[in-house]
**Q** 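I have a structure I would like to understand better, so I am pasting it below and will then ask my questions one at a time.
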Amino acid sequence: KIEKLLDEVQNLNAHNAEEIEALRLKYLSKKGEITTLMADFRNVPAEQKKEVGMRINELKQTAIERINALKEQFETTEGDGPAMDLTRSPYPIRLGTRHPLTIVTNEIIDIFSRMGFVLADGPEVEDDLHVFTKMNFAADHPARDMQDTFFVEQSQTGDVTKNMVLRSHTSSVQARFMENSQPPIRIIAPGRVYRNEAITARAHCFFHQVEGLYVDKNVSFTDLKQVLLSFAREMFGTDTKIRLRPSYFPFTEPSAEMDISCHICGGKGCGFCKHTGWVEILGCGMVDPNVLEQCGIDSKVYSGYAFGMGVERITNLKYQVSDLRMFSENDTRFLKEFEAAN
Ligand code: PHE
């Protein structure tokens, strides 16, 4: 009997706390099987008492240990299964994603780096001298007007060139770089710029530009065109075509605006390019000799080209984002859409 019970209690099992309690009652309570066995002990012949007593104690101890072990197991569990499932895969860790403007800026930098351009940088709070004067803006040029440019109030002086502004384009980096170096110069200047415009789907009070500048002997408009064509093809696909339209900037002469064949419809015409087959992406031109001279470079020896593009514009075209405000709202649902492009 003892041997049979011992075998039983060694293999006890339960699925919940009630079942454990039932086992405890069955074996260890006042009327439990083991307790009853112990009550019968006095009927055991004297010569067997020692042996049987040891066996019963062993049985009781085993039952207690087994039931306690079952209890312990269920104390750390919930319902029917263990609370901690060690076979479960870890929670997915949410990684941040790069901002679409960062992704596109990096891509632009990458493309021009491969063509030999190096990075240049300058301050966002800049003086008029570098934003306008050295860039050949006439003293009464409308871009100097309060309506376009944010002025830093405390710094307005009698000398217009000392006025501090939030730079309205990254061309100021051209001026700073040329002041401090001699050709050959081949730089790319990415950065944030500010303009006093009402915030709408199509305009913002700040946006991002990448500007390029190349100054050397015998730099020609053909060089400019080829570099821009290579860029357009790398950015928007190898069958992209470009088109240059005459334009005007104070710091370039001649100046042009560049369109690319619409990469959505392949130039056939769609709602995206307003059925013209072309979309504008940047301004460019040959550096005006006045700019070179103002920055300490001999315009009789050197010539150069410059171009500047809005990163938001490139991103809008590339990823078909229609509302500029999305870029600064930090809506993670929008940002997560660029996960694959990271
Ligand atoms: N600075 C011009 C702008 O902000 C862009 C540009 C740069 C045009 C260089 C020509 C050459 O619109």
Side-chain angles (χ1 to χ4, degrees), residues 1-107 109-110 192 199 201 208 315-316 318-342:
K1 180 113 202 243
I2 294 174
E3 296 312 314
K4 190 182 151 263
L5 277 175
L6 189 60
D7 194 51
E8 242 176 78
V9 299
Q10 270 167 347
N11 297 303
L12 287 182
N13 237 323
H15 297 99
N16 53 46
E18 284 99 273
E19 285 183 24
I20 298 173
E21 179 59 9
L23 292 176
R24 192 189 67 79
L25 288 173
K26 181 166 187 243
Y27 295 103
L28 298 168
S29 67
K30 267 191 186 148
K31 286 183 185 150
E33 296 192 28
I34 297 172
T35 322
T36 319
L37 209 59
M38 288 174 110
D40 280 347
F41 185 63
R42 56 188 150 82
N43 301 327
V44 173
E47 70 275 15
Q48 287 178 26
K49 270 203 158 75
K50 192 179 173 205
E51 167 81 31
V52 172
M54 271 163 62
R55 300 298 282 154
I56 291 183
N57 274 333
E58 190 191 334
L59 170 65
K60 189 180 178 187
Q61 210 45 46
T62 308
I64 290 171
E65 271 166 24
R66 180 68 197 146
I67 286 172
N68 282 346
L70 286 173
K71 268 190 192 157
E72 214 165 279
Q73 185 185 320
F74 277 93
E75 260 160 26
T76 55
T77 61
E78 254 172 12
D80 283 349
M84 204 192 293
D85 178 357
L86 297 177
T87 63
R88 186 174 166 168
S89 61
Y91 287 103
I93 298 166
R94 288 271 169 130
L95 292 177
T97 54
R98 277 201 186 86
H99 193 279
L101 294 178
T102 308
I103 295 171
V104 172
T105 303
N106 287 346
E107 206 172 337
I109 292 170
D110 228 57
R192 184 175 282 187
I199 297 169
H208 300 77
T315 312
N316 287 349
K318 194 153 170 146
Y319 295 105
Q320 296 168 55
V321 179
S322 55
D323 192 331
L324 265 184
R325 290 168 292 195
M326 300 295 282
F327 292 127
S328 44
E329 275 169 359
N330 281 336
D331 185 331
T332 52
R333 289 168 303 177
F334 170 71
L335 298 174
K336 271 196 89 62
E337 287 189 34
F338 295 86
E339 219 165 14
N342 256 293

**Q** Test side chain to side chain contact (heavy atoms under 4.5 Å, CB included) on R55 and L6; report intermediate values, then the result.
**A** CA-CA 9 Å; R55 300 298 282 154; L6 189 60; 4.0 Å; yes
**Q** Looking only at heavy atoms, what is the nearest atom pair of R98 and T102, with distance?
**A**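 Smallest interatomic distance, heavy atoms only, reads CD-CG2, 4.2 Å.
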**Q** Can you sort out the partners of N106 under side-chain hydrogen bond (donor to acceptor under 3.5 Å, both in side chains), two or more places apart, ordered by chain and number?
**A**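 Once residues adjacent in sequence are excluded, N106 has no partner under the side-chain hydrogen bond (donor to acceptor under 3.5 Å, both in side chains) criterion.
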**Q** Once rounded to the nearest 0.5 Å, what's the spacing between atom CD1 of I20 and atom CD1 of I67?
**A**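 These two atoms lie 8.5 Å from each other.
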**Q** What is the ring orientation for F338 with Y319, classed by angle as parallel under 30°, tilted 30 to 60°, or perpendicular over 60°?
**A**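 F338 vs Y319 ring planes: perpendicular.
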**Q** Might you point out which heavy atoms bring L59 and V9 nearest each other, and give the distance in Å?
**A**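 For L59 versus V9, the nearest heavy atoms are CD1-CG2, 3.8 Å.
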**Q** If we check side chain to side chain contact (heavy atoms under 4.5 Å, CB included) with H99, which of these qualifies: T105, L335, V104?
**A**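 Among T105, L335, V104, the one that satisfies the side chain to side chain contact (heavy atoms under 4.5 Å, CB included) with H99 is L335.
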**Q** Do you know which two heavy atoms are closest between Q48 and V44, and how far apart they sit?
**A**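 Scanning both residues, the minimum pair turns out to be CB-CG1, 3.8 Å.
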**Q** Quick one, T97 with E337, criterion side chain to side chain contact (heavy atoms under 4.5 Å, CB included). Give me CA distance, side-chain angles, the key distance, then yes/no.
**A** CA-CA 9 Å; T97 54; E337 287 189 34; over 6 Å; no
**Q** Atom CG in D331, atom NZ in K336: separation rounded to 0.5 Å?
**A**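 Rounded to the nearest 0.5 Å, the CG-NZ separation comes to 12.0 Å.
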**Q** Using the side chain to side chain contact (heavy atoms under 4.5 Å, CB included) rule, take Y27 and T62 through it: C-alpha gap first, then chi angles, then the decisive distance, then the call.
**A** CA-CA 11 Å; Y27 295 103; T62 308; over 6 Å; no
**Q** If the condition is side-chain contact (heavy atoms from CB on, under 4.5 Å), which residues does S328 pass it with, not counting sequence neighbours?
**A**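 By the side-chain contact (heavy atoms from CB on, under 4.5 Å) rule, S328 matches H204, F206.
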**Q** Which salt bridge (Lys or Arg N to Asp or Glu O under 4.0 Å) pairs, counting each pair once, include a residue from residues 19-32, with sequence neighbours left out?
**A**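 Of all non-adjacent pairs touching residues 19-32, those that pass salt bridge (Lys or Arg N to Asp or Glu O under 4.0 Å) are E8-K26, E21-R24, K26-E33.
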**Q** According to side-chain contact (heavy atoms from CB on, under 4.5 Å), who are the partners of A22, at least two apart in sequence or on a separate chain?
**A**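 A22: no side-chain contact (heavy atoms from CB on, under 4.5 Å) contacts found.
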**Q** Looking at S29, is its backbone amide N or carbonyl O close enough to the side chain of T35 to form a donor-acceptor pair, meaning the two atoms are under 3.5 Å apart?
**A**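 At least one qualifying donor-acceptor pair exists.
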**Q** Take E72 and N68, measure what side chain to side chain contact (heavy atoms under 4.5 Å, CB included) needs, and give me the verdict at the end.
**A** CA-CA 6 Å; E72 214 165 279; N68 282 346; 5.8 Å; no
**Q** Flag yes if more than 12 heavy atoms outside E51 fall under 6.0 Å of its CD atom; otherwise flag no.
**A**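 Atom CD in E51 is not packed in, count stays at 12 or less.
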**Q** At their closest point, which heavy atom of N11 faces which heavy atom of D7, and how far apart are they?
**A**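 What the structure gives for the nearest pair is ND2-O, 3.0 Å.
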**Q** D323: what forms a side-chain contact (heavy atoms from CB on, under 4.5 Å) with it, not counting sequence neighbours?
**A**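 Testing D323 for side-chain contact (heavy atoms from CB on, under 4.5 Å), a comparison that skips the adjacent residues, returns A201, R325, M326.
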**Q** Under the side-chain contact (heavy atoms from CB on, under 4.5 Å) test, which residues partner N13, sequence neighbours left out?
**A**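 So N13 forms a side-chain contact (heavy atoms from CB on, under 4.5 Å) with R66, L70.
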**Q** How far apart are the closest heavy atoms of K49 and R42, and which atoms are they?
**A**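 It is NZ-O, 3.6 Å.
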